[in-house]
Peer 1: 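Below is the structure I would like to discuss, written out as structure tokens.
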Amino acid sequence: MSDAGPSDSDHAVALTSRIETAAALLAAIVASSSDAILSKTLDGRITSWNAATEELFGYRAVEIIGQSIRLLIPAERQAEEDAILERIAAGERVENYETVRLHKDGRRLDVLVTISPVRDANGVIVGASKIIRDISERKRAEESAALLSAIVASSFDGIVSKSLDGTVTSWNRAAEQLFGYSAQDMIGQPIRRLIPADRQFEEDDILRRIARGETVACFETVRLHRSGRPIEVSVTVSPVRDVQGTVIGASKIVRDISDRRRAEEQIRTLVAEVHHRTKNLLGLVQAIARQTAAAPAEDFLESFSARLKALAANQDLLVRNDFGGIDMADLVAAQLAPFADVAAARIEANGPPVRLTPTAAQQIGMALHELMTNAAKYGALSSAAGRAVIDWQCEEEVFAMNWTEYDGPDGRRPARTGFGTRLLTTLVPASMGGTGVLEFAPGGPSWRFRSPVRNVLAQTL
Amino acid sequence: VIGAWTTSRVLIVEDDAIIAYDLAEQIEAAGFLIAGIATTLTRGLELCETCDAAILDVNLGRETSAAIAEKLAELDTPYIAVSGYARADLPGAFRNAPLFGKPVQVDRLAAKLQHLLGSGN
């Protein structure tokens, strides 16, 4: 048995071979790395450039090796390279440095770089190696997460999330305002504390549907404020999934619809009211039509249309005053309008400001229409010299109103008692529990109306 | 045939006097007597005992004729409701009364009156 070992030259060959093997292995690792790895000299010339770097920056190794690393650095960041080279020359490592580099096509890339000094066999620093990781994706994700959380925070809708067992996991500012609980109060608490006892079953159903991956859209229901006050809300619940697609919870968007509900209720009331008034008005039109037709002396169409117009003028006033009190002077002006061209200057109206009830305004308006029509056809307003005075006042709980014609043709009591006369002497006074007296003096007719104030005037505040 | 109800006195309660008097004329023309025309709740209550049937406009401006309906029910006097509102929106006293919408179809109203007075006798 010889105990002679390998010769020195054998050692050298083996060592060389091992070094070569190790170098080849390292080269293969670098070449196949999914991180971009490159090396450069201390003055910034590129000396190696792996496949992942080609992929990241768009330059082929053959076109970039020998070029300056500054090709990759945006103009405003060139100073960074000076600082990095200085640190490398001093033997320091620059780790996980976040910066921006340029793609061959000019695109800006968000990257994370780690730079280490490269030394020769004698330990002298001769260059640097650089590992570069593309973090554009992560940056974008961070930005969109920040954007989403800003949207959620500033939303006017309550936005909350919960786990599949109904535990609250997030709670935005609008939810705080809507329900009166802070995020601190609610996170980790069961969402069921917002649900009235008689609606707890809704949550069972919602959780079942969410677990199946369904969305519950615009579900209108009632939830509870911290104070116990019920809130009308519209809720949209959507499943939240993890990256594997498994449902792990739910997001909830809650909108307060109390205002909308109130508005809907108001509209319903208003429509019912308008419907009722319309039906009443039609009843009145039917009665006026029949009464007008019953008086054979009158031209039906002319009289009927004029009465409808008077009714319409009253209606305008009522609507304009929201069916509240109507000013007497406004009523006189409205009924006077159709006679403006013949009579405006010859009709005088005197009286204190008073507000009539809608019923009184309608009745007195009809009376004024009949008086003016009659005056224009046969009375004071049919002659050039004639005039008429309307006056009113309240004395000891009695509302007194007079219509007096002066200087007209001799007043004669009409042979037939038409609908107009009946309105003035019976119908209008009866509507207000009062009296109406029509008199025929030589200068023209007059009408004296008396009625209890409480039946005529709107209650004043 | 007509004689069966021509002596029946009908009360008309309606806050619009024009509609009230026009209706009274037509009810008269249909062969009934008019017990009275009331445009207010107070007047209507006064006339309850002197009528055999009544036509009640439900809404009388700021009041309703519900109290008249209750008094007539106590007196066992038949009444018909007239309203622009739907039955569901009417006071309880009108829930079981015949209801006519506005504007009223008087021939059908008269037929209903005849029926109510006939079955009551």
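Naming: A, B, ... by sequence-line order, numbering from 1 per chain.
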Peer 1: With a 4.5 angstrom heavy-atom cut-off, which part of Met366(A) approaches chain B: side chain, backbone, both or neither?
Peer 2: side chain
Peer 1: Would the number of heavy atoms belonging to other residues, nucleotides or ligands and lying under 6.0 Å from CG of Asn96(B) be above 12?
Peer 2: no
Peer 1: Between Thr278(A) and chain B, with a heavy-atom cut-off of 4.5 Å, which part of the residue counts as in contact: side chain, backbone, both or neither?
Peer 2: neither
Peer 1: Let me confirm one number: the CG-CD distance from Leu284(A) to Glu14(B), rounded to the nearest 0.5 Å.
Peer 2: 9.0 Å
Peer 1: Counting only heavy atoms not in Arg108(B), do more than 12 sit closer than 6.0 Å to its CZ atom?
Peer 2: no
Peer 1: State, to 0.1 Å, how close Leu427(A) and Ala17(B) come at their nearest heavy-atom pair, and which atoms those are.
Peer 2: O-CB, 3.0 Å
Peer 1: With a cut-off of 6.0 Å (strictly less than), are more than 12 heavy atoms of other residues, nucleotides or ligands near CZ of Arg261(A)?
Peer 2: yes
Peer 1: Going by heavy atoms in the side chains, are Asp89(B) and His276(A) under 4.5 Å from each other?
Peer 2: no
Peer 1: Using 0.5 Å steps for rounding, measure from the CD1 atom of Ile18(B) to the CG atom of Leu311(A).
Peer 2: 7.5 Å
Peer 1: Is it the case that over 12 heavy atoms from other parts of the model lie below 6.0 angstrom from the NZ atom of Lys112(B)?
Peer 2: no
Peer 1: Working to the nearest 0.5 Å, report the span between CD1 of Ile288(A) and CD1 of Ile19(B).
Peer 2: 8.5 Å
Peer 1: Tell me, with the steps shown, if Gln363(A) and Asp16(B) meet side chain to side chain contact (heavy atoms under 4.5 Å, CB included).
Peer 2: CA-CA 9 Å; Gln363(A) 298 293 334; Asp16(B) 191 303; 3.7 Å; yes
Peer 1: Would you say that more than 12 heavy atoms from the other residues, nucleotides or ligands in this model lie under 6.0 Å from the CG of Asp76(B), or not?
Peer 2: no
Peer 1: Answer with side chain, backbone, both or neither: which region of Leu281(A) has an atom nearer than 4.5 Å to a non-hydrogen atom of chain B?
Peer 2: neither
Peer 1: Quick test of your reading: applying side chain to side chain donor-acceptor pair (under 3.5 Å), list the pairs with at least one residue in residues 24-37 of chain B, sequence neighbours left out, ordered by first then second residue.
Peer 2: Arg290(A)-Gln26(B), Gln291(A)-Glu25(B), Arg422(A)-Glu25(B), Asp22(B)-Gln26(B)
